[in-house]
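For reference, the structure discussed in these notes is given below.
Everything numeric here is computed off the predicted structure, so don't read it as measured data.
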Amino acid sequence: MANRTPTDEEKDTTGVSNGQTPGGSRWRLVVYVVFATLFALWAWEYWGGGASGGQRISYSEFRSQLQNGNVQQVTVEGNNLTGELKQTASRTEQGSTVEYDRFVTYLPSFGDENLMNSLESQGVEVVTKPESSFPWSLVIMGLLPVLLLFGVGYIFLRRMQAQGQGLFSVRQSKAELYDKGEEDTTFDDVAGADSAKEELREIIKFLKSPERFERLGGKVPKGVLLVGPPGTGKTLLARAVAGEADVPFFSVSGSDFMEMFVGVGASRVRDMFSEAKETSPAIIFIDELDSIGRKRGAGMGGGHDEREQTLNQLLSELDGFEENEGIVVMAATNRPDILDSALTRPGRFDRQITVDLPTQKSRHEILRIHARDKPLGDEINLEEIARSTPGFSGADLENLLNEAALLAGRHEHDAIEAEDIEEARDKVMMGLKRDGMALDEKDKKLLAYHEAGHAIVAAVLPNADPVHKVTIVPRGQAMGVTQQLPEKDKYLYREDYLLDRLAVIMGGRAAEEIVFDSPTSGAENDLKQVRKMSRKMVLDWGMGERFKHISLGEDQGNVFLGEELAKGRDYSDQTAREVDEEIQRITANAFQHAVDTLRENREAFDQLAELLIEREEVPGDQVLKLVNGEAPPLDDVTSTNGTPTDDDTDTAEEADVVEETDSEGTSEVEEENREGH
């Protein structure tokens with residue numbers, strides 16, 4: 001089942017290495033000889049059919065030589081006529097003179113009744129031969145397409161063999177068997193996910209000593225499904241199971257079952273379970289299960305027959321007529337909602353283990369693991385970094401430290417310093433700086449007041465998250481960003497928190513209204529976020545004045561799953577009108593709340609805008625000082641990295657990125673806080 005590299009002894013006995021087939025050189029030699037032979041036969045047929053040869057001349061020139069008495073002997077074979085001259089003749093060919101004493105020509109198709117009489121009168125010796133009965137030209141022309149097809153097939157097979165496949169191995173499973181001695185990942189290398197690790201440890205114990213559970217009537221789970229957002233460590237957990245288990249561990253991706261040939265997927269599933277049965281007890285891990293486990297019969301034009309047959313075979317192997325004793329199937333997906341219901345029922349994937357985004361404590365542990373091989377400066381506090389990265393997955397945290405290491409190398413630091421971490425976090429959260437875009441004074445002032453509006457409202461309102469940084473340096477798609485970092489992870493939203501958050505998002509539009517008395521396109525994303533959040537408050541969370549304690553929203557189906565294109569609402573048009581009015585009321589109140597807050601703190605508002613125009617980046621503690629009336633001189637205010645950022649004078653069309661809100665589940669709270677206003 002597993003792809004294996006040939007040993008030196010095998011290479012010596014087969015003459016094969018690097019995907020070559022036995023006798024590959026000999027086969028190439030045979031192909032070359034066949035083509036050379038066919039070409040020689042074609043040339044022999046075309047250039048005189050094997051006659052003695054000579055200069056090819058026209059029939060008219062032959063008749064002229066015959067009339068002059070210069071022809072000594074001719075040989076007739078079908079339409080071919082060859083002969084010898086008594087004296088050497090010459091002719092002009094392509095600008096040069098060619099002498100010849102032997103010639104080759106063809107008899108005309110309409111015949112020549114006087115030819116024989118002319119030959120006898122000149123005393124020419126005539127030799128006749130029967131025409132060849134074998135049609136070499138037809139055979140050669142018929143073989144060339146066949147040989148071309150064989151050549152294409154030969155190249156195709158060579159490429160398959162170079163990838164570890166063969167003509168008769170295409171239906172074999174591609175699952176790889178992990179060697180415990182080579183797999184060095186264990187549960188100690190996985191931070192957080194304690195409940196998931198405990199469940200997986202129990203399965204490993206069952207496979208090692210099943211009698212402990214069987215005497216109590218327990219049965220081993222047939223399938224374990226790891227569910228969670230991308231980058232949360234599902235595959236890492238599977239690798240840890242491979243390192244911890246004392247049983248064979250087969251790993252395969254869901255896409256490995258799909259091939260251009262019909263029936264290959266189902267055959268590979270059968271072969272994979274057959275291999276696992278021979279080494280039972282064993283664990284099979286299928287990554288990206290959704291690639292073959294989607295709902296059957298889905299889609300506008302029906303399902304994919306090959307994929308559905310593969311899924312049917314997998315369902316049969318998991319819990320079909322034949323028992324698979326001692327085989328546990330692990331699978332990972334980030335789309336459990338699109339899996340077929342027959343796949344997730346009890347008896348197949350009995351357990352679903354959620355691998356969610358890490359908490360602050362787990363993020364600290366993950367950072368410690370990834371920082372083991374990186375030199376860190378004395379001023380770096382991993383616990384503080386964990387607090388300032390809500391919504392980061394394990395992959396994001398690994399990428400953060402890697403980017404910081406690259407930046408430290410670029411700046412020629414001996415160790416990773418705090419400014420490298422800060423710059424890496426900005427790069428991961430907001431994107432690269434957009435250099436080469438110079439803002440004019442008018443646009444810079446407008447952008448500074450817009451971001452100052454977000455920051456001042458966030459710093460004043462009691463339920464808003466603390467301000468971490470305010471910047472008007474263009475990054476990614478944002479021309480300016482106000483970062484807010486929560487003091488702790490949130491799993492539930494209070495109504496007062498959501499109302500203050502709406503006011504913070506509307507702070508940019510409120511600043512435009514107060515200072516410039518004209519709205520701009522920079523608030524486009526702000527308004528979209530406000531509409532999305534206020535609509536959820538009314539329809540899903542029952543936070544409107546008219547619709548308390550009722551949820552009117554419905555989940556929209558996915559078109560590609562074959563569900564309805566649009567589900568009709570189950571409330572009247574009058575209720576829909578009242579919902580729109582309630583959303584408009586919440587939005588208007590949030591805007592007015594932001595306007596009132598900025599007017600009450602106008603002095604701090606103007607000072608922060610001036611600081612942004614001067615420095616382009618202001619840390620959150622300086623914003624708080626301005627709100628408390630502790631306005632520092634301009635020269636004392638530095639950027640978050642400790643140095644002024646006077647070189648970021650870029651321009652682009654006005655745009656603004658706000659803190660995204662998707663509060664359908666508590667597991668998505670931290671991810672929202674990664675985006676700044």
Side-chain angles (χ1 to χ4, degrees), residues 178-210 212-213 218-253 281-289 326-334 336 344 346 348-373 382-383 386 389-398 401 489 491 665-668 670-671:
Y178 276 88
D179 185 358
K180 183 183 176 183
E182 297 178 357
E183 181 56 57
D184 57 354
T185 303
T186 63
F187 284 138
D188 294 335
D189 300 313
V190 182
D194 295 332
S195 59
K197 290 191 290 186
E198 186 63 30
E199 290 285 340
L200 295 175
R201 282 195 182 97
E202 179 180 323
I203 293 174
I204 295 174
K205 291 178 181 178
F206 189 99
L207 292 174
K208 289 181 179 179
S209 55
R212 294 176 50 190
F213 301 89
K219 293 184 178 181
V220 62
K222 295 185 177 181
V224 178
L225 185 62
L226 301 177
V227 178
T232 51
K234 299 182 294 296
T235 305
L236 181 63
L237 279 171
R239 291 176 58 190
V241 171
E244 294 278 350
D246 286 333
V247 297
F249 186 93
F250 298 95
S251 175
V252 66
S253 174
I283 298 176
I284 297 175
F285 174 65
I286 304 176
D287 201 4
E288 303 297 339
L289 179 65
I327 298 178
V328 176
V329 181
M330 293 177 56
T333 181
N334 53 20
T344 56
R348 291 195 171 118
F349 281 99
D350 302 87
R351 301 186 182 183
Q352 292 192 19
I353 300 176
T354 301
V355 186
D356 214 334
L357 292 171
T359 61
Q360 180 176 332
K361 179 182 177 182
S362 297
R363 291 196 299 271
H364 184 205
E365 296 175 358
I366 294 172
L367 287 170
R368 290 178 59 186
I369 290 177
H370 291 305
R372 288 184 299 193
D373 58 344
L382 293 180
E383 188 173 356
T389 52
F392 274 51
S393 66
D396 292 329
L397 295 172
E398 181 182 9
L401 291 182
D489 294 336
Y491 299 97
T666 58
S667 61
E668 300 178 352
E670 293 88 346
E671 185 176 2

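Heavy-atom minimum distance, Asn334 versus Pro230: ND2-CG, 3.2 Å. Considering every non-hydrogen atom in both Ala371 and Leu382, the closest pair reads CB-CD1, 4.4 Å. In terms of heavy atoms, Ser393 sits closest to Leu357 at CB-CD2, 3.8 Å. What you find for Phe349 and Val329 is that their closest heavy atoms are CE2-O, 3.7 Å. What you find for Ala191 and Ser362 is that their closest heavy atoms are CB-O, 4.3 Å. Annotation for Asp189 and Ile369: closest pair O-CD1, 3.7 Å, computed over non-hydrogen atoms.
A distance of 9.5 Å separates OG1 in Thr333 from CD in Gln352, rounded to the nearest 0.5 Å. Atom NE2 of His364 sits about 10.5 Å away from atom OG1 of Thr389, to the nearest 0.5 Å. Taken to the nearest 0.5 Å, the CG atom of Asp194 stands 12.5 Å off from the CD atom of Glu199. With rounding to the nearest 0.5 angstrom, the CG atom of Leu225 is 6.5 Å from the CG atom of Leu289. For the atom pair Leu236 CG and Glu398 CD, the distance stands at 9.0 Å (nearest 0.5 Å). Taken to the nearest 0.5 Å, the CD1 atom of Ile283 stands 11.0 Å off from the CD1 atom of Ile327.
Met330 places a side-chain heavy atom less than 4.5 Å from the side chain of Leu200. Between Ile284 and Phe249, the closest side-chain pair of non-hydrogen atoms is not below 4.5 Å. In this structure, the side chains of Ile366 and Pro358 come closer than 4.5 Å at one or more pairs of heavy atoms. The closest side-chain heavy-atom distance from Glu244 to Lys197 is not below 4.5 Å.
Put simply, the residue from Val190, Val227, Thr232 that forms a side-chain contact (heavy atoms from CB on, under 4.5 Å) with Val355 is Thr232.
Side-chain atoms of Arg363 never come within 3.5 Å of backbone atoms of Phe392 as a donor-acceptor pair (strictly under, hydrogens ignored). Under a 3.5 Å cut-off, the side chain of Lys234 and the backbone N or O of Pro229 do form a donor-acceptor pair.
Surrounding CZ of Arg368 are at most 12 heavy atoms belonging to other residues, nucleotides or ligands under 6.0 Å away.
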